[in-house]
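Numbers restart at 1 for each chain; the letters A, B, ... are given by sequence-line order, proteins then strands.
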2 protein chains.
Amino acid sequence: MDPHLLRTYVTVARLASFSEAARDLGYTQSAVSQHIAALETDLGMPLLTRRPVAPTPAGERLLEHAGALLLRLDAARADLDRFAAAPRATLDVAASPLALTPRTLAALPATGVTLRGLSRERVPVAVATGEADAGLVDGIAAPSDPLRLTDIAPLAATGVAEEPLAVVLPAHHPLAGRPGVRLDDLVDARWLDAPDAGIPLDRLRAVHGGPAGRGFRDALRYEGTDTRTLAALAAAGHGLALLPLPAAAGVPGAAAVPLVAPRLVHRVELLLPAGTGREPTGPVAGFARRLKG
Amino acid sequence: MDPHLLRTYVTVARLASFSEAARDLGYTQSAVSQHIAALETDLGMPLLTRRPVAPTPAGERLLEHAGALLLRLDAARADLDRFAAAPRATLDVAASPLALTPRTLAALPATGVTLRGLSRERVPVAVATGEADAGLVDGIAAPSDPLRLTDIAPLAATGVAEEPLAVVLPAHHPLAGRPGVRLDDLVDARWLDAPDAGIPLDRLRAVHGGPAGRGFRDALRYEGTDTRTLAALAAAGHGLALLPLPAAAGVPGAAAVPLVAPRLVHRVELLLPAGTGREPTGPVAGFARRLKG
DNA sequence: CTAATTTACGACCAACGTAATCATT
DNA sequence: AATGATTACGTTGGTCGTAAATTAG
């Protein structure tokens, strides 16, 4: 269970080839073979089938563990490096698309900022591994409830914004004129599945019916990150979309109907590296202060 | 950042001595010294002060990471071992004290059960590291909200019981006759701090006022795990206690007043190792089925 | 037959122990 | 002075690369 062996293993599994992995890692193919053999001996079970190279069921299981493990390892090193490093003059912010509201954008310093748009899952990773100094993630939750983030490393999360949710539907939709809509009424509707631009459908199913929750069939899947495109798709009748009310309002040809039940909000949280140490300094501190204050 | 070095490091930090750590780990003191030196060189900063041996600020930070890392490592190995192991004939259940309700106890098989009482934090660890086949944890949460557990490894959590909460107070207390009580009314009261037997005070502060929440001063700290003792302390006027209503009722000399605001419940969850693999078999499966069904 | 993994073997490096040295109380 | 951490150094075991053997498509 040496991290080196694990890193080799995940690379082999990802590339589905010993030789490719060797090239990728700067090893010889023989070394890779020995790594895998060592792991399989250590754990007492085969992890990969050869020709074609694919993880066995046990190997699949190991992949989950190994990924998280290596991530934590990188996060730990990054955190310690950051601990000793000189205070930074610039600010790298990782943000999921819907986390960029007028309010969060206004809090960014005027100069020296790099803004990196990432998917929701990758924002905490970027902060933990030191690729970003701060993160902004969005998600849906009950009012004043924290977001459920996968905790890679100890990160401090602070809520910085909560806004109502709205369903975007074509202007001619029967529910378009209503002052509010219940999620129950839309279980059987066709939805747009846009995990990066909007709210992922499985989150909807989760907050609604639990894991066994059927419903919320997807009509069309949009893999981009542009909210306007998503709203346009909804306006064109390709399916319903769930967006924060401010983002949903003012789309031509579409109506934004606030979601009134269940009581959910769109929430944005600020992610900063860990906690027990001293307070952040420099641009990060200013950014955090403007967001919280 | 070799796990061996990390394990040595946490041991040295825990025992505050190179020689003691060496004895504990079966190394010579020289080897321990070299391990620490290697770590400090690798990370480029001192981690421990010598004479007395104590972690530096950076070392403190590393301790957090290292603990989680080593735990995950153990969990991964245990999970893989379990994957290959023959189906077990006995059942080891780890449970926090208040998770043992009549309902959960009734679901235990008649024979071949070992029940291990642990603190709330240690139950997930026991399941993840394979010390237990299943876990029962309790905590407070909003109705039908999952508990917030530290995720050591991928564990499947299922809610198995939710019951109202009640404040235990002396029979002569002014609020004793009331049909219900609000937490707001009790912020300034003296509370019993019994993290293992009852609800920890910081959880109360967290659900109430957030991290800065003052109030809920502790009058007496009880470190045992016996709920009857806790109730007796409350009856004797040593402070208030928060318990699940069934556990709080029927205590001589004490009144149990249901908590009506905020809307919180005492929740018990069943913890099973990971998910993506096949379904559990043997006694674990029966236990889980009886609890869920 | 060809492409790719495994095995054999030798060189090198890293890890540990013994023992001497150094530092702190 | 005594306790305890560090440094020096020799031995051992493990890791990697080269190259030959083997296997599967």
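- Not a single donor-acceptor pair under 3.5 Å links the side chain of B/Tyr9 to the backbone N or O of B/Leu48.
- We find that CD of A/Glu40 is positioned 12 Å from C1' of C/dT5, with the value rounded to whole Å.
- For A/Asp24, the side-chain contact (heavy atoms from CB on, under 4.5 Å) partners are A/Thr11, A/Arg14, A/Leu15, not counting sequence neighbours.
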Check: Between B/Leu136 and B/Val93, is a side chain to side chain contact (heavy atoms under 4.5 Å, CB included) present by the stated rule, with each step listed?
Finding: CA-CA 7 Å; B/Leu136 288 167; B/Val93 178; 4.3 Å; yes
Contacts table for residues 190-203 of chain B: side-chain donor-acceptor under 3.5 angstrom, sequence neighbours left out:
| from | atom 1 | to | atom 2 | distance (Å) |
| --- | --- | --- | --- | --- |
| B/Trp191 | NE1 | B/Leu186 | O | 3.0 |
| B/Asp193 | OD2 | B/Arg221 | NH1 | 3.0 |
| B/Arg203 | NH2 | B/Ile140 | O | 3.1 |

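- Salt bridge status for A/Asp74 with A/Arg7: present, with a side-chain N to carboxylate O gap under 4.0 Å.
- The aromatic ring centres of B/Tyr222 and B/His238 sit 6.0 Å or more apart.
- For the side-chain hydrogen bond (donor to acceptor under 3.5 Å, both in side chains) test, residues two or more places apart in sequence or in another chain that qualify with B/Thr90 are B/Arg88.
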Note to self: I need a per-nucleotide contact map over nucleotides 12-25 of chain C, read 5' to 3'. Cutoff is protein heavy atoms under 4.0 Å; write B for the base, S for backbone only, - otherwise.
What the structure shows: ----BBBB---BBS
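- Annotation: side-chain contact (heavy atoms from CB on, under 4.5 Å) contacts of B/Pro283 (sequence neighbours excluded): B/Leu91.
- For DNA chain D, none of the residues of residues 6-16 of chain A falls under the heavy-atom distance limit of 4.0 Å.
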